[in-house]
Amino acid sequence: MDYKKTLNLPHTGFPMKANLSQKEPKQLSAWESAELYQRVREASKGRPTFILHDGPPYANGHIHIGTALNKILKDIIIRSRQMAGFDAPYVPGWDCHGLPIEHNVDKELGAKKKEMTQAQVRRQCRAYAEKFIDIQREEFKRLGVMGEWDNPYLTMNYRYEAIIARECCKFALEGSLFRSKKPIHWCCNCKTALAEAEIEYHDETSPSVYVKFALKDDPAQIDARLAGRKVAVVIWTTTPWTLPANLAVALHPDFDYAAVAVAGGEVLILARELVEACMQTFGIADYEIVAEFKADVLENKRCQHPFYDRDSLIILGDHVTLEAGTGCVHTAPGHGREDYDVGLQYGLDAYSPVNDNGVFTDEVGLFAGQFVFKANAAINQTLADKGVLLAKTDIRHSYPHCWRCKRPVIFRATPQWFISMEKTGLRKKSLEEIDRVQWIPHWGRERIYGMIENRPDWCVSRQRAWGVPITVFICEKCDTVHMDEATMNHIFDQFAAHGADVWFEKSVPELMPKDAVCTHCGHTGFTKEDDILDVWFDSGVSQAAVLEDRDYLTWPADLYLEGSDQHRGWFHSALLTAVGTRQKAPYKAVLTHGFVVDAEGKKMSKSLGNVVAPKAVIDKYGAEILRMWVSASDYRDDVRISDNILKQLSDAYRRIRNTSRFILGNLNDFDPQKDAVPIDQMLDIDRFALHKLQGVIERALKAYDTYEFHVIYHRLYNYCTVDLSAFYLDILKDRLYTSPAASLARRSAQTAMYAILDAMARIMAPIMPFTAEEIWAYLPAVADKAESIHLVSFPKPDAALRDETLAAKWETLIKVRAEVTKALEQARSDKVIGHSLDAAVTVGLSDDLYAVMAEFETDLRSILIVSRATVAKGELTDAYKAQEVEGLWVKVAPAKGEKCQRCWVHDDSVGSIADHPTICARCSGALAQMDLSDMEA
RNA sequence: GGGCCUGUAGCUCAGUUCGGUUAGAGCGCACGCCUGAUAAGCGUGAGGUCGAUGGUUCAAAUCCAUCCAGGCCCA
């Protein structure tokens with residue numbers, strides 16, 4: 001007789017090979033046609049909500065691995081909050097306006113753009129954004145991210161655009177939106193402002209001049225030795241044309257400066273460290289340092305402008321360097337970013353007497369009407385004539401050029417719109433709100449606090465085409481900004497109906513409410529502002545346009561989750577727009593993740609060739625493995641990815657999958673409703689297994705709560721390997737296979753395994769939605785079993801299944817077992833045994849250990865997976881002495897008796913049973929309870 | 001250059017808050033067993049100057065300083 005047929009071997013249709021990359025798309029479309037997301041929403045109606053508000057990715061290009069990390073983390077959180085008992089809707093969004101899209105459309109259009117209206121260009125940009133929204137939407141869905149994909153929020157939706165305008169108007173209404181001049185890159189040929197991304201750097205030859213600025217104040221105040229002398233501060237510049245706009249000379253607060261006496265009794269001031277080099281440049285051999293001092297003695301002293309009758313103030317700034325020049329920096333706040341920033345601190349005007357063509361205005365007198373670069377020569381001549389030009393050479397250096405016409409650009413101050421950090425207390429209130437938010441990790445608080453504390457007013461102007469305009473009107477007569485509730489609502493209604501395009505398509509009277517009158521001068525003629533809002537404003541107000549505008553969401557959000565760069569980006573703009581209009585932070589908690597780096601921890605870049613594309617990972621391993629990668633990493637720090645790491649995860653996946661498959665195979669004849677064994681009738685080891693499971697559940701739920709997913713991954717994986725596969729399931733095989741199918745012994749094991757796999761599947765569901773669903777489908781049917789695992793809740797730890805006393809005994813037994821396996825291994829290498837069932841084991845125990853182990857003696861054979869196991873008191877001779885446990889000796893000998901052909905245990909009873917001479921008494925007893933009619937045939 | 005952060009076995013992570021016995025786990029690797037989870041399963045073993053240096057202390061992966069490497073954001 002073939003006794004193998006009398007065994008209950010595992011059977012399941014659950015495949016060993018996952019074939020993820022092929023099967024995932026099928027699963028996704030099945031979920032989609034079952035409208036799973038909608039069903040989850042319906043099922044969780046009335047529960048407390050958990051709102052994770054999605055930060056909108058930019059609708060340009062394909063997703064990259066960092067976007068995948070971000071979206072998968074969000075999905076894990078959404079799914080886990082959902083399964084923890086919340087109603088957790090997910091509304092994804094896209095950021096649609098802005099320069100990069102306009103830039104790419106520009107490239108596509110080429111020369112055609114010049115013949116198009118702004119409205120036509122905007123339509124092209126809209127179509128471009130739509131295309132990439134569709135691409136990215138499919139890519140996100142492929143990651144297994146579940147959400148409201150058919151109704152995402154888009155910053156270019158008409159209603160969203162209307163809300164952007166409305167929020168902008170609110171800042172104008174309360175008076176924190178104001179106009180001021182600020183230098184920007186300007187192309188004189190294209191007559192347009194340029195963003196940093198539109199600048200290319202090329203080498204250029206410029207004049208390099210050293211100019212004396214005569215000190216007007218009494219030099220004795222600086223140093224007594226300078227009393228009565230003619231003193232001048234020496235500056236260096238490569239843009240003489242900016243000298244007409246000079247308002248100051250900047251020194252570094254930490255540098256030493258020297259007063260150098262030269263021929264004729266004149267004294268020159270410059271950085272101590274640069275004296276020698278400069279004197280050489282000036283061709284002055286005969287000089288003497290008469291005094292040295294720190295820069296602060298010069299602060300707020302006045303110099304004479306070299307060719308105008310006005311002062312140039314001496315100021316201090318950290319941007320001054322000793323790399324070139326004199327350590328005294330010519331400062332024209334209207335023509336340089338650093339000059340402007342330092343000028344702000346001294347209340348200097350962003351003076352910029354240059355028009356759109358790059359030509360000096362009439363204000364400058366001497367050089368009016370000249371193109372700035374051409375004026376360099378005339379200015380240098382004037383300096384020479386005035387006797388203030390110390391040296392002049394040419395220099396080749398890297399200089400910014402226009403990306404389109406390739407000509408050198410200038411820095412020029414033009415009117416820009418700002419949101420004041422001070423006028424309505426925006427900075428102070430934002431800082432207070434920061435302390436009401438939970439920052440995870442906690443250092444996020446320091447990071448954003450420092451930024452808000454130090455940032456300048458928010459420049460919201462962009463001289464672009466693709467975006468939402470700054471919707472304010474300006475009185476033609478008195479230049480006053482016009483904004484009131486009626487105007488705000490009028491703009492909102494028109495934008496909501498037609499989009500922001502109406503601003504460019506309709507006339508001012510059409511855009512304003514009837515009878516609008518300037519509150520300042522009573523005039524009724526207005527102009528509209530042309531500038532576009534900074535796109536950070538667009539996404540910043542998503543808290544208003546999404547959270548507040550959809551009735552199933554809440555304001556503030558429970559959580560914002562983005563990369564740590566967003567402390568300056570979205571977390572920042574969302575905070576300012578919300579505090580400015582609603583006095584509160586738009587989020588209760590902010591979670592940040594690090595960046596994806598390569599195997600060496602280096603950032604990914606095309607030039608290094610270390611970029612990992614999500615699609616490549618999905619095609620090779622499946623989205624599930626990518627998701628496991630996300631869950632296995634401690635994302636608060638930077639996250640490494642490499643083929644080696646993915647391969648490791650792939651191995652781990654197979655282990656989890658196989659463990660699940662083994663359990664499913666052993667549950668094929670198990671109906672939990674009929675066959676489940678009550679806990680008090682279950683075998684000890686099965687009860688111990690359920691006890692351990694409670695710990696796993698508890699740990700996992702806690703980790704989901706604190707967003708520490710790598711803890712779950714490690715716990716789940718270790719549980720599968722150590723607790724289940726190498727211990728519990730290995731021991732169970734004998735009982736499962738050889739006991740009669742419906743026996744208590746087997747049903748007890750099945751009861752435990754069913755609880756284990758059910759819990760495991762639920763715990764892994766947020767991380768591995770595909771595999772969890774697959775397991776769910778194969779789990780035995782019970783009444784009210786949900787169609788999808790994504791409709792059910794997490795398992796709840798059950799105190800009734802815990803038994804600490806039992807567990808303590810088993811933990812001791814596990815330590816003993818570990819020592820026995822070592823002894824068995826030694827016997828195996830000594831060729832005493834092969835399989836552990838070839839062995840008979842005797843353990844010698846100290847009194848303490850014996851007290852625990854004696855009651856296990858009956859089961860010890862099966863627990864150790866040997867043919868015979870006996871316990872004895874005290875030391876054994878000729879035995880293996882335990883290394884890790886005191887008072888334990890193990891003696892291994894070949895098992896006596898024939899090997900039972902059915903259960904493979906060596907036992908004396910084999911051969912003694914007449915009907916079945918090749919099997920043991922235990923097996924023959926089992927057979928007696930079975931219907932053998934099928935098998936014998 | 002400044003702000004914030006990170007650095008524990010080949011890999012992914014514990015341990016660092018409140019210093020205390022030979023620094024842990026799993027994977028991978030090597031070797032062995034099994035062939036009734038089989039493109040599976042079990043076991044044993046080797047692997048770390050805890051980024052470096054200096055300091056505080058009876059005692060440092062843990063506290064302090066400096067440096068090195070890397071990341072994000074600024075300049």
Side-chain angles (χ1 to χ4, degrees), chain A residues 3-12 14 16-17 317-319 321 323 337-338 341 441-451 453-455 563-569 572 592-604 628-629 631-634 636-652 654-655 657-666 708 710-711 713-722 724-727 729-734 736-738 817-818 820-829 831 833-838 865 902-904:
Chain A
Y3 291 107
K4 184 170 172 177
K5 287 182 181 164
T6 71
L7 295 171
N8 310 296
L9 293 176
H11 278 297
T12 176
F14 185 88
M16 179 178 273
K17 201 165 181 296
D318 289 331
H319 65 291
T321 72
E323 274 161 36
R337 178 56 51 79
E338 288 171 330
D341 288 338
H442 63 274
W443 49 258
R445 185 257 175 209
E446 261 58 60
R447 208 168 155 175
I448 195 165
Y449 196 94
M451 286 174 186
E453 199 172 27
N454 295 313
R455 67 157 299 147
S564 61
D565 58 332
Q566 296 303 323
H567 285 108
R568 176 155 295 270
H572 197 111
T592 51
H593 58 79
F595 278 68
V596 183
V597 293
D598 72 7
E600 272 76 50
K602 298 254 170 69
K603 72 166 150 196
M604 294 191 173
M628 280 180 74
W629 162 72
S631 80
S633 312
D634 185 352
R636 291 167 294 198
D637 193 6
D638 288 338
V639 178
R640 296 181 185 214
I641 193 166
S642 68
D643 212 52
N644 179 34
I645 292 168
L646 289 167
K647 199 175 160 294
Q648 177 181 337
L649 289 159
S650 207
D651 287 347
R654 284 211 306 274
R655 169 50 81 106
R657 185 177 179 89
N658 260 321
T659 306
S660 306
R661 179 170 182 268
F662 176 77
I663 295 178
L664 286 173
N666 283 105
E708 294 169 296
H710 65 283
V711 171
Y713 164 81
H714 280 281
R715 191 69 199 90
L716 187 68
Y717 184 41
N718 260 35
Y719 181 63
C720 278
T721 336
V722 181
L724 294 182
S725 198
F727 179 72
L729 298 179
D730 205 28
I731 291 167
L732 232 44
K733 285 174 195 167
D734 175 79
L736 286 167
Y737 298 170
T738 65
R817 187 177 187 264
V820 172
T821 58
K822 283 191 175 69
L824 287 171
E825 185 61 25
Q826 205 170 74
R828 193 171 287 132
S829 63
K831 307 290 179 203
I833 58 163
H835 194 284
S836 60
L837 282 177
D838 297 341
I865 317 183
R902 186 165 178 274
C903 73
W904 293 348

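The chains referred to below are lettered A, B, ... by the order of the sequence lines, with proteins before strands, and numbering in each begins at 1.
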Write down the distance separating the [atom1] atoms in [N] and [M], rounded off to the nearest Å.
N	M	atom1	result
B:rG24	B:rA61	P	13 Å
B:rU53	B:rA69	P	16 Å
B:rG7	B:rA52	P	13 Å
B:rG51	B:rA46	P	24 Å
B:rU56	B:rC73	P	40 Å
B:rC4	B:rU12	C1'	25 Å
B:rG26	B:rA9	C1'	12 Å
B:rU21	B:rA60	C1'	15 Å

Let me know the distance between [atom1] of [X] and [atom2] of [N], rounded to the nearest Å.
X	N	atom1	atom2	result
A:Tyr737	B:rG41	OH	P	12 Å
A:Glu453	B:rG2	CD	P	19 Å
A:Arg661	B:rG36	CZ	C1'	13 Å
A:Leu724	B:rG41	CG	C1'	14 Å
A:Ile645	B:rG10	CD1	C1'	11 Å
A:Asp598	B:rC11	CG	C1'	14 Å
A:Arg455	B:rG3	CZ	C1'	16 Å
A:Asp634	B:rG7	CG	C1'	13 Å

Plane angle bin for A:Phe662 and A:Tyr737 - parallel if under 30°, tilted between 30 and 60°, otherwise perpendicular: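 Perpendicular: the ring planes of A:Tyr737 and A:Phe662 meet at over 60°.
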Given that both distances must come in under 3.5 Å, which nucleotide forms a Watson-Crick or G-U wobble pair with [N]?
N	answer
B:rG1	B:rC74
B:rG20	B:rC58
B:rG28	none
B:rA65	B:rU53
B:rU38	none

For the residue pair [X] and [Y], establish whether any side-chain heavy-atom pair is separated by less than 4.5 Å.
X	Y	result
A:Thr738	A:Leu7	yes
A:Val722	A:Phe727	no
A:Trp443	A:His567	yes
A:Glu708	A:His714	no
A:Asp734	A:Ile865	no
A:Arg661	A:Thr12	yes
A:Ser564	A:Phe595	yes

Taking only the side-chain nitrogens and oxygens of [X], find out if one of them lies under 4.0 Å from OP1 or OP2 of [N].
X	N	value
A:Arg640	B:rC11	no
A:His567	B:rG3	no
A:Arg636	B:rC13	no

Side-chain donor/acceptor of [X] to backbone N/O of [Y], under 3.5 Å:
X	Y	result
A:Asp598	A:Met604	no
A:Trp629	A:Arg640	yes
A:Asn8	A:Leu736	yes
A:Ser631	A:Tyr713	no

Between A:Thr738 and A:Val639, which is nearer to the 5' end of RNA chain B once each is assigned its nearest nucleotide?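 Looking at RNA chain B, the more 5' nearest nucleotide goes with A:Val639.
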Specify the residue among A:Trp904 and A:Ala599 whose closest nucleotide of RNA chain B lies further upstream toward the 5′ end.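 Mapping each residue to its closest nucleotide by heavy atoms, the 5'-most match is A:Ala599.
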Which residues pass the side-chain contact (heavy atoms from CB on, under 4.5 Å) test with A:Asp651, not counting sequence neighbours?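 A:Asp651 satisfies side-chain contact (heavy atoms from CB on, under 4.5 Å) with A:Lys647, A:Arg654 once adjacent residues are dropped.
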How would you summarise protein contacts on nucleotides 68-75 of chain B per nucleotide, using B for base, S for sugar-phosphate only and - for none, with heavy-atom distances below 4.0 Å? --SSBSSS
What string of B, S and - do you get for nucleotides 45-50 of chain B, 5' to 3', when a contact is any protein heavy atom under 4.0 Å? S-----
Using a cut-off of 4.0 Å on non-hydrogen atoms, how would the nucleic acid contact of A:Trp629 be classed: base, sugar-phosphate, or nothing?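 If one applies the 4.0 Å heavy-atom cut-off, A:Trp629 turns out to touch nothing in the nucleic acid.
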With a non-hydrogen cut-off below 4.0 angstrom, is A:Arg902 in contact with a base, only sugar-phosphate, or nothing?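 Base contact.
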Below 4.0 angstrom, N of the basic side chain to O of the carboxylate: do A:Arg568 and A:Asp565 qualify?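 Judged by the 4.0 Å cut-off on N to carboxylate O distance, A:Arg568 and A:Asp565 do not form a salt bridge.
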Could you tell me whether A:Glu825 and A:Arg828 make a salt bridge, using a distance below 4.0 angstrom between a side-chain N and a carboxylate O?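 So A:Glu825 pairs with A:Arg828 through a salt bridge.
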Pick out the pairs of N or O atoms, protein on one side and nucleotides 27-33 of chain B on the other, that lie under 3.5 Å.
from, atom 1, to, atom 2, distance (Å)
B:rC33, O2', A:Gly834, O, 3.0

For B:rG47, does the O4'-C1'-N9-C4 or O4'-C1'-N1-C2 angle fall within 90° of 0, making it syn, or is it anti?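 That one's syn.
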So, does the side chain of A:Thr12 form a donor-acceptor pair with the base of B:rA37 at under 3.5 Å?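 Counting by modelled atom types and ignoring angles, no donor-acceptor contact under 3.5 Å is found here.
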Measure distances between side-chain N and O atoms of A:Lys733 and base N and O atoms of B:rA37, and say whether any donor-acceptor pair falls under 3.5 Å.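 Per atom types, the contact qualifies.
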A:Phe14: what forms a ring pair (Phe, Tyr, Trp, His ring centres under 6.0 Å) with it, not counting sequence neighbours?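 Partners of A:Phe14 under the ring pair (Phe, Tyr, Trp, His ring centres under 6.0 Å) test: A:Tyr778.
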Between B:rC42, B:rU12, B:rA14, spot the one nearest the side chain of A:Ser725, thanks.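 Nucleotide nearest to A:Ser725's side chain: B:rC42.
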Of the listed nucleotides (B:rC42, B:rC13, B:rA37), which one gets closest to any side-chain atom of A:Ala726?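 Nearest nucleotide to the side chain: B:rC42.
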Between protein and nucleotides 21-25 of chain B, what N or O pairs are separated by less than 3.5 Å?
from, atom 1, to, atom 2, distance (Å)
B:rA25, O2', A:Asn718, ND2, 2.7

Quick one: SG on A:Cys903 to CG on A:Leu837, what's the gap to the nearest 0.5 Å?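 Rounded to the nearest 0.5 Å, the SG-CG separation comes to 8.0 Å.
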